[in-house]
Amino acid sequence: MRYAQIVLPLNLKGSFTYKVPEELIPAIQPGMRVLVPFRGKKIYTGIVVELHDAEPESFVPREIISILDEFPILPKEQIDFWNWLSEYYLCNLGEIYRFAFPSSLKLESETYLKLKPNVTVDFENLDVNEMYLIQALEIRQLINLTDIEAFIPKKEIIKTINSLIDLQYIEIDEKISEKYKAKEIAYVKINEGLLNNQDLTEILSKLNKAPKQKDLFLHILDQQTENPTGFIKKSTLFEDGYFGNSHFKALVDKNLVEEYYLQKDRLESYEGETEDIEELSETQKQANKEIEEAFNHHKNVLLHGVTSSGKTHIYLEKIEECVNSGKNVLFLLPEISLTKQITQRLEKKYGKKLGFYHQKLTDFERVEVWRRIKNNDIQILIGTRNALFLPFQNIGLIVVDEEHDSAYKPREVSPYFNAKDAALVLAGFYGAKVILGSATPSVESYYLAQKNKLQYVSLNERFGKVKLPEYELINFKEAQESKKTSGNFSLRLLEEIKKTLEDKNQTMILHNRRGYANVVECESCGYVNYCSNCDVVMTYHKAANEMKCHYCGQRASKPKTCPKCHSENLNERGVGVEQIHEEVSKLFPDYEVDRMDVDSMRKKFAYEKLYEKIEEGETDIIVGTQMISKGLDFDHIELVGIPKADSLLYVQDFRAEERAYQLITQVSGRAGRVSGKGKVLIQTYNPDHSVFQLIKMNEVAKIYEYFLQERQKFHYPPFTKLIMIELKHRREDKVNRASQFLGSVLRKYLPEDCVLGPEKAQIAKLNNLYQFQILLKLPRGKNYEKFKNLVLISLNEFDNITAYQSIKKDVFVDF
DNA sequence: GACAGCTCCTGT
DNA sequence: CAGGAGCTGTCA
């Protein structure tokens, strides 16, 4: 095995061939990290994905510099998983590698400047910048390129460096810096020997002139005598703000106290008591048995459990079984803020054997989880989609909670994959089982269950036989005609809110639109405020008193007069959640009305504060966007109101109805969790719309039957496979031409009705990039592979056109 | 993805 | 004709 295929952390196709130096041949194994040179001197951390003896014919491979791991850091299953992802989602291995690894585990060399040895510099002939740089290099031997920006203007840097290299004064080198450092915690103690040799009164009298220092000294002494074997954390000294670091430093300088460091595991883990989980109800036992049977037949499970049916309870049971059989569990959540309940229950059971992994961890924290997973120190890992890439040793079960959630497949970060589908494949490589759980499964998963690819297990009653909420449709048009409305609310909905308030219960109002008004329009000339970066109207946010672009985040002040015709007749159109909140506050001035959306939750701990307020019953009405549909399980919410439910359907997306159903059902699930008397009032202009009618009937099978019929009729997934190709460029004409070309190439290989577009994207310009889209509708089944191959050929053909290389291309498989 | 080396345009 | 922006090709 003299050659290795190495994946580099760059967005490049495939892997690269390197020669394994003689002395490394016995040690090297697939899954290990190695240092390799790439392009001149630059050094990257690559992953060995394959070893072989086939000498490359067309080039002379370079040599691996060194091996970084004693044992493979990446299990075979993960390498298989990467290869699958790359093939299925048409993305590069390098992209996956970048996404999968914490950056401290893939060090790259940094470019440094240093003085050439033994040079004498003739300062006379240098300009100011050159002089600065030489002087800086004389003080510290190495300077990295970004540090130079601190004292030389950006534009001059290249010029300065080049001229000094020409003069033979400096040279460029590459160096790999160790980024990961174990976290050290500062502790303090009274200087050893001090107490034996010196009289305490003598010391204290020396400190008489510095009372604070004296206090601090006594404070430390106190703690140390009280608990001679304990450790005093330095940070605790400053907690109450009485002492400052200067006081402490003074004591160190006087040799009275000492500071020392100990390494600490960065990850806090639960230290409290552990306890067993409660017993299952009869219905749950039945579901549990069905899951067991499915697992015995090597089938994965779709657990469809209505809200509050106790899906978590069943997860816990299965997790327990899996851990008892000596295997580990991966528990996936769409976002980490939802962990609260499951965490609390698991912590009590598994204590230190529980781990977390999500996007909010720092890089060092990620490395520590990696290490613990690799050492098999974690039995249960709770995480978001990036946790799929941890180096699991013997995983036995993957739970995907809220499997329908779109956060499993964000469109913003590449590689674009659906964590739910990826989990099924990953589990296959490990021989593990999967439970997909949701109260509102995705149509795709439901279809798989129907086709018997997944075992369908249903929990159709709430825990403790609590009744599901009742739905009521309010015909808003009729209400308006008979003058039974006030603003955006029907009197019927207001009456129910009032009743709920009088019963000292809580109400939730869902309005899934951020801001106060969608558009600010000039009555006189029709001017509307567009974002300068995007082809999007800016939304008016009254609370922040500004206009915001919801796509690029751009802000602008709200115009007082029309910038075009200077008319003062500015009109606000389109209702946002802020406006609904304002309206409700005015209608119920004696009650506490709070708003929950990304804008009001931006401040630190805003979410936690509001959560607590609702839990304590201080909040009477919660007005919010889809954010309120997740994670807010409280006992006293009895009413859910959706004043403008139609807006949920008016979205140009074949999944709009499914999303609307899921959102309405999820919010509704918050109502009457304990009392069983929950009510959901839906105001709509179209009470006869199938989605609303089906929700009202609350017959799950019929709803999915309806969705599946619609999908089949219009040839959408799960009956076809969609691939969306998006092209972006600063110049519209260029990206337009490129997409026309790609469209024609695709049509050359694929049947005419498979290729839709190219078309301008719904948002024609985003962040100053013009976007065009091509949608491919491909048949599923055996032919899919064949067709996808043709897509791949087309994409390659496109990539080979050099003129289009500056165009950014994104491919979304299973769009 | 990153970077060197190239072309072509701008401006004095 | 320098200096820079943008394009192109290549890396093992």
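Keep in mind that what you see is a predicted model, and the values were worked out from it rather than measured. Chain A is the first sequence line, chain B the second, and so forth, proteins listed ahead of strands; every chain is numbered from 1.
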Do any N or O atoms of the protein come closer than 3.5 Å to N or O atoms of nucleotides 6-9 of chain C, and which pairs are they?
residue : atom : partner   : partner atom : Å
dT8(C)  : OP2  : Thr802(A) : O            : 3.0
dG9(C)  : N2   : Arg39(A)  : NH2          : 3.2

Mind calculating the distance between [atom1] ([X]) and [atom2] ([N]) to the nearest angstrom?
X	N	atom1	atom2	result
Ile64(A)	dA12(C)	CD1	P	13 Å
Lys42(A)	dA12(C)	NZ	P	14 Å
Ile6(A)	dC11(C)	CD1	P	17 Å
Leu10(A)	dA12(C)	CG	P	12 Å

Please determine if [X] and [Y] form a salt bridge, counting it only when a charged side-chain N lies under 4.0 Å from a carboxylate O.
X	Y	answer
Lys808(A)	Glu726(A)	no
Lys420(A)	Glu444(A)	no
Lys175(A)	Glu110(A)	no
Glu546(A)	Arg555(A)	yes
Glu732(A)	Lys760(A)	yes
Arg411(A)	Asp810(A)	no

Partner of Phe417(A) under ring pair (Phe, Tyr, Trp, His ring centres under 6.0 Å), picked from Tyr88(A), Phe99(A), Trp84(A), is Phe99(A)

Pick base, sugar-phosphate or nothing for Phe59(A), based on heavy-atom distances below 4.0 Å to the nucleic acid. base

Using a heavy-atom cut-off of under 4.0 Å over every strand shown, decide if Tyr44(A) touches base, sugar-phosphate, or nothing. sugar-phosphate

Taking atom CG of Leu330(A) and atom CZ of Phe392(A), what is their separation to the nearest 0.5 Å? 4.5 Å

Could you go through the ring pair (Phe, Tyr, Trp, His ring centres under 6.0 Å) check for Phe81(A) and Phe389(A) one step at a time? CA-CA 9 Å; Phe81(A) 181 51; Phe389(A) 296 95; 5.5 Å; yes

Under 6.0 Å from the CZ atom of Phe71(A), do we count more than 12 heavy atoms belonging to anything else shown? no

Heavy-atom contact window of chain A on DNA chain B, given 5' to 3' at under 4.0 Å: dG1(B) to dC3(B)

Given a 3.5 Å cut-off on both pairing distances, which stems involving DNA chain B, each at least three consecutive Watson-Crick or G-U pairs, are present, if any? B:1-11 with C:1-11

